Amino acid sequence: MAHYYITTPIYYVNDAPHVGHAYCTVNADAMARWHRLLGDDTKFLTGTDEHGQKVADAALKNGVSPREWTDRTSRRFREAWDALDISYDDFIRTTEPRHYETVQKFLTAVYENGYIYKDVYQGLYCVSCEDYYTRESSDDGRCPIHGRVLSEMQEENWFFRLSAFAEPLERYYAEHPGFVTPETKRNEALSFIRGGLRDISITRTSISWGVPVPWDDQHVFYVWYDALINYLTAIGYGREDDRTGEWWPTSHHLVGKEILRFHCVWWPAMCMAAGLEPVSHVQVHGWLLVGGQKLSKTMAAEGAVKLTDIAPVTLTDEFGVDAIRYYLLRETSLGNDGDFSHEGITARYNTDLANNLGNLVARVSTIVASKCAGRGPAPEPTSELRVAAEAAVAGAREAWNRFAPQHALEATWGLIGATNAYLESTAPWKMEPGDALEAVMGNALEAIRLVSLLATPAIPRVCATIWSRIGLDGAPGDEVFDTAAQWGRYRAVHEIHKGEPLFPRIKVSDE
RNA sequence: GGCGGCGUAGCUAAGGUGGUUAGAGCACACGGCUCAUAAUCGUGGUGUCGCGGGUUCGACUCCCGCCGCCGCUACCA
C-alpha cells in the first residue's frame, strides 16, 4: 500500500488562528482526504510551535506558566480545525516529550557529524525587544520599533554549518526537479542558495523555554531549529517507535511562501547534516489578500480589516464549513496569491454551491419522488452523461494528484454543468413514467454520485449528505476510488430523500 | 541598490519552445424551459493581451527601454 505523508507548518501559539492558517490547513486536509480516497496509507500532521522568548513573555504577562499558556493557546488551533472538519491524524506540540527526544537525537547526529560548532554571535541588540537586528534590518543603528540605539552584544552560541551545504543543496535541487513547487518558488530558493550561505546560530543561553542542547546544558535550541524537526518527531525519528523508513523521505510539506527559506534551504541542509535524505517535496502556497472590499456585518463588528484578524469560526458560522472549505480550495490557485473577500465567498456560494450543485440535487430528487415512486433507478451502461462523467473523473484525478484543488473542483463542476444540461435536453418532467424516464434519472443520479465522490476531499460533509440522500449507504470514501469512480455503480434499489436545500441561497442586497 | 515576479474583457483570471477566429467563470443582455433553491439551458465580447521601440513572413507570447504594483535581500513565526 502506498504511503502518503503530508504536513502543515506548526503554527506559532502566540498567533490567533486566522484565515491564513485555515487556507493552508484546509488545502493539506483536502490532499490527505484525496489520498485516503485513493486507498493510500495516509498520515496528515499539523500542530503548534510553542517555544521561544515571545511565548515565555506572553505567559509571564498573563500570569501563568509557559506550560499553561501553551496549553491554552494550542487548544484554540484544535478548536479552529474542528470547526473546519480538519482530519489530522496527529497534532504535534513542540513541548511534548517525544519532540524533545527526537530533536535531541537529530541534533546530536548533526553535532557528531561535525556540522555544529561553538562561536560567538555578535549582533545589534534591542533591550526593549529583547531581540537582535541585522545592520540592514535596523533603522540606521536604531531599533525600528522602539527607535532606541541598538547595543552591540555578544553571546556564545552553537552554530550550524549551513555554509557547507550550498553545493550539496544545488546538487539536490538538480537531481530532484520536483523538490519545490511551483517552479517560481523553486527558483527563489535556488537563487538564495546561489547567493551564498552563512552559518546560523541555533542556540540561545538567554532563555530557557526551549529544547535543551544535550551536550551543553547552558543552551536551548533556537525555536526555528527545533520546530522544523517536528516533521520527524511525528514519525518517531530516533525513538523506539521509529517509523521513518515507512514515511520518509517521500513526504510533502505544505508551507506558505514566507517560510520558504526555512523549508527549502535550512531544512534539507539540516537533514543532510544528520545523514538523512531530505523531504521529497515542498509545496509552497501564496497568501490570501484582503482587498478594499466590504466585510460582512459580523466581520466588521469584530473590527476585521486584515486577513489575520478574521477567525475561521466567524466564517464557518456565517457560511457553513463546506462553503468556506470550497471557497478556500476553489478560488485561488495554490502557489499564487489570491483575493479574499466576503463578496467572493458569497458569489461562490450562490453560483457553484446553491445554483449548480444544491439545485441539481433538489431537482433530481423532486422528479424521482414524483415519477419514480421515490426510488432511484439504475443508470444506463452508456450515455452522453457517462462521457462527461469520465472526463470529470480523469480531470479531477489528475488535478488532485498534482496538488491542484482548484482544477480538481473545476473538473468536478464540469460534470454538474453537464448534468444540468442533460436534464434540459431530455426534459424528464415532460416524460411519462417508464423505462426512458428511469434511464434519464438513473444517469443523473449516477452523475450526482460521482460528483459527491470527486468533491469529497474538498467538502466532505455535504458530500456525505448527498450520498445518503440518493439512498446510498455509508459515505463516499468507503470504497476505494478506482472502483467507486467507475460509471454504473448506482443501483436501482435506493430510496431518495429530498430534504431541505443543501445551500439556501444568500440574498445579496445592494448597498 | 541587487535578484525575482506581476500588469490579459466591468470583476476574478487561464494560457502559450511565436503561427488558424486569445480560451474560461462571475456579472450583464436576449431567447427557451418551468422539474428545481427567481434555480436551469442556449446565444451574445470592436478585450489596443501596461506603454514605446526592436527581432521576425508573423508577437499577447522573444529582446531592449519605460510606467505602475509586489515579493525576497538570512537567524522576524
Side-chain angles (χ1 to χ4, degrees), chain A residues 9-15 20-21 48-55 121 123 129 131-134 136-137 144-145 157 159-160 162 184-185 187-192 194-204 222-225 227 256-262 265-266 286-287 289 291 293 330-333 336-339 341 343-344 346-348 350-371 406-407 410 413-414 416-431 440-441 444 498 500-508:
Chain A
I10 46 176
Y11 303 113
Y12 200 56
V13 282
N14 271 14
D15 289 336
H21 299 117
T48 44
D49 183 13
E50 310 190 354
H51 288 307
Q53 185 65 48
K54 287 179 184 167
V55 173
Y121 181 84
C129 297
D131 211 349
Y132 287 95
Y133 287 90
T134 59
E136 304 86 62
S137 63
I145 295 166
N157 283 159
F159 280 73
F160 172 58
L162 182 63
T184 53
K185 302 301 181 196
N187 292 340
E188 229 173 86
L190 257 177
S191 76
F192 182 81
R194 287 175 180 151
L197 298 177
R198 297 209 293 264
D199 292 348
I200 46 186
S201 127
I202 62 169
T203 67
R204 294 293 126 99
Y222 168 62
V223 274
W224 256 111
Y225 234 66
K257 64 180 184 180
E258 75 282 6
I259 51 178
L260 178 147
R261 186 167 56 246
F262 303 111
V265 182
W266 290 17
W287 287 349
L289 305 170
Q293 295 89 344
R330 175 62 235 264
E331 190 69 7
T332 63
S333 66
N336 289 28
D337 290 349
D339 277 317
S341 72
E343 288 85 344
T346 306
R348 283 291 173 199
N350 277 340
T351 59
D352 294 4
L353 297 176
N355 296 351
N356 296 342
L357 175 58
N359 183 58
L360 172 64
V361 173
R363 68 197 300 212
V364 168
S365 303
T366 300
I367 300 170
V368 172
S370 66
K371 299 212 175 195
Q406 181 192 34
H407 292 114
E410 213 174 347
W413 256 251
I416 294 172
T419 308
N420 274 321
Y422 174 75
L423 291 175
E424 290 302 322
S425 67
T426 52
W429 48 88
K430 288 183 180 167
M431 299 167 76
V440 167
M441 298 320 293
K498 168 122 200 235
E500 292 300 303
L502 295 167
F503 297 100
R505 275 181 65 84
I506 298 169
K507 298 271 188 291
V508 182

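Predicted model only: the values in this text are computed from it and were never measured. Order of the sequence lines fixes the chain letters, A, B, ..., with proteins taken first and strands second; residue numbering starts at 1 for each chain.
- Note on A:Ile202: nothing from the nucleic acid sits closer than 4.0 angstrom, heavy atoms only.
- Partners of A:Lys257 by salt bridge (Lys or Arg N to Asp or Glu O under 4.0 Å), not counting sequence neighbours, listed by chain and number: A:Asp337.
- Between the C1' atoms of B:A22 and B:C49, the separation comes to 8 Å (whole Å).
- Listed by chain and number, the residues in a side-chain contact (heavy atoms from CB on, under 4.5 Å) with A:Glu258 are A:Trp287 (sequence neighbours excluded).
- Spacing of C1' atoms, B:U43 relative to B:C33, comes out at 15 Å, to the nearest Å.
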Heavy-atom protein contacts under 4.0 Å, nucleotides 33-45 of chain B, coded B base, S sugar-phosphate only, - none: SSBBB-SBS----
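- Comparing the P positions of B:G42 and B:G25 gives a spacing of 10 Å, expressed to the nearest Å.
- Here B:C76 presents its P atom at 14 Å from OH of A:Tyr225, a figure rounded to the nearest Å.
- Under the salt bridge (Lys or Arg N to Asp or Glu O under 4.0 Å) criterion, A:Arg261 pairs with no residue at all, not counting sequence neighbours.
- Taking the side chain as every heavy atom from C-beta outward, A:Asp352 and A:Ile416 never approach each other to under 4.5 Å.
- Taking atom P on both B:G68 and B:G31, the two are 48 Å apart, rounded to the nearest angstrom.
- The distance from atom CZ of A:Arg348 to atom C1' of B:C26 is 8 Å, rounded to the nearest whole Å.
- For A:Ala369, there are no side-chain contact (heavy atoms from CB on, under 4.5 Å) partners two or more places apart in sequence or in a different chain.
- Atom-to-atom, CG of A:Asn187 to C1' of B:G71 comes out at 14 Å; the value is rounded to the nearest Å.
- Within the 4.5 Å cutoff, the side chain of A:Asn157 has heavy atoms near those of the A:Arg204 side chain.
- For the pair A:Val364/A:Leu360, a side-chain contact is recorded, criterion being any heavy-atom separation below 4.5 Å from C-beta on.
- When all heavy atoms of A:Trp429 and A:Lys371 are compared, the pair lying nearest together is O-NZ, 3.0 Å.
- Between the CZ atom of A:Phe262 and the C1' atom of B:A74 there is a distance of 8 Å, rounded to whole Å.
- Residues satisfying the side-chain contact (heavy atoms from CB on, under 4.5 Å) test with A:Asn359, not counting sequence neighbours, are A:Arg363.
- Atom CG in A:Leu260 sits about 21 Å away from atom P in B:C70, given to the nearest Å.
- The gap from the C1' atom of B:A38 to that of B:G71 amounts to 45 Å, rounded to the nearest Å.
- Residues that satisfy the side-chain contact (heavy atoms from CB on, under 4.5 Å) test with A:Asn187, not counting sequence neighbours, are A:Glu183.
- The NZ atom of A:Lys185 sits 9 Å away from the P atom of B:C72 (whole-angstrom rounding).
- Nucleic acid contact class of A:Tyr11 (heavy atoms, under 4.0 Å, all strands): none.
- Across the protein-nucleic acid pair, A:Arg261 atom CZ and B:C72 atom C1' stand 8 Å apart, rounded to whole Å.
- A:Phe503 meets the ring-ring contact (aromatic ring centres under 6.0 Å, His included) test with A:Tyr349; sequence neighbours excluded.
- When the C1' atom is compared between B:C66 and B:A14, the two are found 27 Å apart, to the nearest whole Å.
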Secondary-structure string, 5' to 3', Watson-Crick or G-U under 3.5 Å, | for another-strand partners, for RNA chain B: (((((((..(((......[....))).(((((.......))))).....(((((..]....))))))))))))....
Protein proximity profile, nucleotides 3-12 of chain B - base contact B, sugar-phosphate-only contact S, no contact -, cut-off 4.0 Å on heavy atoms: ---------S
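- With sequence neighbours left out, the ring-ring contact (aromatic ring centres under 6.0 Å, His included) criterion links A:Phe262 to A:Trp224, A:Trp266.
- Note: CG (A:Leu162) to C1' (B:A74) measures 9 Å, nearest angstrom.
- Using a 4.0 Å heavy-atom criterion, one finds that A:Gly256 contacts no nucleic acid atom at all.
- B:A13 and B:G23 have their C1' atoms separated by 11 Å, given to the nearest Å.
- The same atom, C1', is picked in B:C6 and in B:U61; the two are 16 Å apart, to the nearest Å.
- Remark: A:Glu331 engages A:Arg348 in a salt bridge (Lys or Arg N to Asp or Glu O under 4.0 Å) (not counting sequence neighbours).
- Counting non-hydrogen atoms under 4.0 angstrom, A:Asp15 reaches the backbone sugars and phosphates but no base.
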